[in-house]
2 protein chains.
Amino acid sequence: MKNEKVLYREYLKSKNLKLTKPRCVILAAIFENHGHFNVDELYEQIREKHKNVSRATIYRTIPLLIESGMIRQSLRCESKDIYEHTYGNENHLHFICTNCGKIIETSFSKVADQIDKLAKNEGFEITEYSLAARGLCKKCKKKELKSEK
Amino acid sequence: MKNEKVLYREYLKSKNLKLTKPRCVILAAIFENHGHFNVDELYEQIREKHKNVSRATIYRTIPLLIESGMIRQSLRCESKDIYEHTYGNENHLHFICTNCGKIIETSFSKVADQIDKLAKNEGFEITEYSLAARGLCKKCKKKELKSEK
DNA sequence: AATTTTATTGAGAATGAATCTCAACTGCAT
DNA sequence: ATGCAGTTGAGATTCATTCTCAATAAAATT
Ligand SMILES: [Mn+2]
Ligand SMILES: [Mn+2]
Ligand SMILES: [Zn+2]
Ligand SMILES: [Zn+2]
């Protein structure tokens with residue numbers, strides 16, 4: 001969270017955008033956070049310390065954070081977009097339990113290799129993977145088996 | 001589109017649901033269609049012949065079609081859920097061009113094998129894959145190169 | 001340091017996909 | 001044909017996200 005701020009500042013400058021207080025606050029909040037977050041959670045987190053940052057600004061800032069490589073869109077859950085920061089957090093595959101909502105993250109380098117090959121065949125240049133599978137986690141699968149008896 | 005109707009009828013019966021006229025109309029429309037569709041497109045398509053089927057009914061029917069294995073949720077594009085029918089349409093990987101919106105479909109058996117291994121490690125039982133990658137298609141990549149000169 | 005330019009903000013209104021409500025209707029078992 | 005349950009269309013509602021706009025703040029210029 002030092003490098004990031006420098007990079008962010010550079011990104012903003014390159015786009016003729018200003019490094020404003022809300023933008024700094026939001027950036028900092030992103031890196032306090034580990035794991036996934038949606039706009040509402042981020043808003044509440046920020047509001048604890050900064051009563052004057054609006055939801056609209058968060059919504060407006062998210063695309064900048066994505067474009068500058070600070071965060072990525074990770075999933076969509078319960079009709080909400082979910083993000084995660086990229087720094088020290090390699091892209092990964094998500095297993096989403098449709099029963100309990102648990103999200104399991106798995107590194108996916110081999111999977112990505114396969115996908116890259118397919119993309120190359122199509123002349124497609126990937127900038128972002130969005131890989132998930134839905135189903136039942138270990139626990140929920142066990143429960144299901146029990147209830148079937 | 002014969003087998004399907006039988007299967008659908010069976011599914012409905014097993015759930016104590018009724019095979020109503022709108023449900024038949026919607027099912028038929030699904031199979032007229034190839035490729036992807038969203039609720040609005042489906043609605044317009046149906047409306048050409050059946051002025052009395054409501055959007056609400058389509059929204060209500062989609063989960064049934066998914067549960068009975070007729071269609072799957074495929075993507076999310078322009079803030080809309082997109083579906084495709086499963087019959088004779090194996091699951092596949094989507095490459096989505098962020099510039100022109102083109103969607104390229106690729107079979108993904110090898111990718112799925114890798115993912116299945118990862119899932120097995122976690123004791124996770126997959127019921128549905130949701131695999132996509134965003135980036136630039138061949139054409140848009142070329143355009144970009146030109147405009148950079 | 002003051003001024004000018006330009007981007008940004010918060011608040012609340014607007015949008016739009018998806019869901020819900022409810023009284024009228026229909027499929028289907030008897 | 002009758003009755004019960006599930007279903008429908010129409011429109012209201014929800015809720016995430018986007019937009020509007022007058023007030024404000026950051027950077028550039030003097
Ligand atoms: Mn993740
Ligand atoms: Mn497809
Ligand atoms: Zn679970
Ligand atoms: Zn393209």
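Fair warning: this is a prediction, and the values are worked out from it, not measured in the lab. Below, chain A is the first sequence line, B the second, and so on; all start at residue 1.
Rounded to whole Å, the distance from CD on Gln73(B) to C1' on dA17(C) is 13 Å. The distance from atom CD1 of Ile58(A) to atom P of dC19(D) is 17 Å, rounded to the nearest whole Å. Rounded to a whole Å, the CZ atom of Arg23(A) is 6 Å from the C1' atom of dT8(C). Between the OH atom of Tyr43(B) and the P atom of dT19(C) there is a distance of 17 Å, rounded to whole Å. Whole-Å rounding puts the Asp81(B) CG to dT19(C) P distance at 8 Å. Remark: C1' of dT5(C) and CG of Asn16(A) are 12 Å apart, rounded to the nearest angstrom. The distance from atom CG of Leu27(A) to atom P of dT8(C) is 15 Å, rounded to the nearest whole Å. A straight line from NZ of Lys15(A) to C1' of dT6(C) spans 18 Å, rounded to a whole angstrom.
Listed nucleotides: dT17(D), dA27(D), dG10(C). Nearest to the side chain of Leu19(A): dA27(D). The side chain of Ala56(A) approaches dC19(D) more closely than any other nucleotide in the set dC19(D), dA16(D), dA10(D). Closest to the side chain of Arg76(B), from the set dA18(C), dT8(D), dG27(C), is dA18(C). Nearest to the side-chain atoms of Pro22(B) among the listed nucleotides dC20(C), dT8(D), dT17(D) stands dT8(D).
Val39(B) and Ile82(B) fall into different hydrophobic clusters, where Ile, Leu, Val, Met, Phe, Trp and Tyr side chains are chained together by heavy-atom contacts under 4.5 Å. Grouping the Ile, Leu, Val, Met, Phe, Trp and Tyr side chains by contacts below 4.5 angstrom, directly or via other members, places Ile71(B) apart from Tyr129(B).
Side-chain atoms of Glu41(A) and Asn38(A), non-hydrogen and from C-beta on, do get closer than 4.5 Å to each other.
Checking Val53(B) against Lys18(B), the closest nucleotide of DNA chain D that is more toward the 5' end is the one next to Lys18(B). Closest-nucleotide positions on DNA chain C for Leu17(B) and Arg55(B) were compared, and the one nearer the 5' end corresponds to Arg55(B). If Lys13(B) and Arg60(B) are placed on DNA chain C by their nearest nucleotide, the residue sitting closer to the 5' end is Arg60(B).
His85(B) has its ring centre less than 6.0 Å from the ring centre of Phe31(B).
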- side-chain contact (heavy atoms from CB on, under 4.5 Å) between Ser79(B) and Arg76(B), worked out: CA-CA 6 Å; Ser79(B) 323; Arg76(B) 212 181 140 75; 3.9 Å; yes
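In this model, the phosphate group of dT17(D) is approached by a side-chain N or O of Tyr59(A) to a distance below 4.0 Å at OP1 or OP2. Taking only side-chain nitrogens and oxygens, Thr20(A) comes nearer than 4.0 Å to OP1 or OP2 of dT9(C).
Note on Asn38(A): nothing from the nucleic acid sits closer than 4.0 angstrom, heavy atoms only. If you check every strand for non-hydrogen atoms under 4.0 Å, Asp40(B) touches nothing. Across all strands, Arg47(A) comes closer than 4.0 Å only to sugar-phosphate atoms, never to a base (heavy-atom distances).
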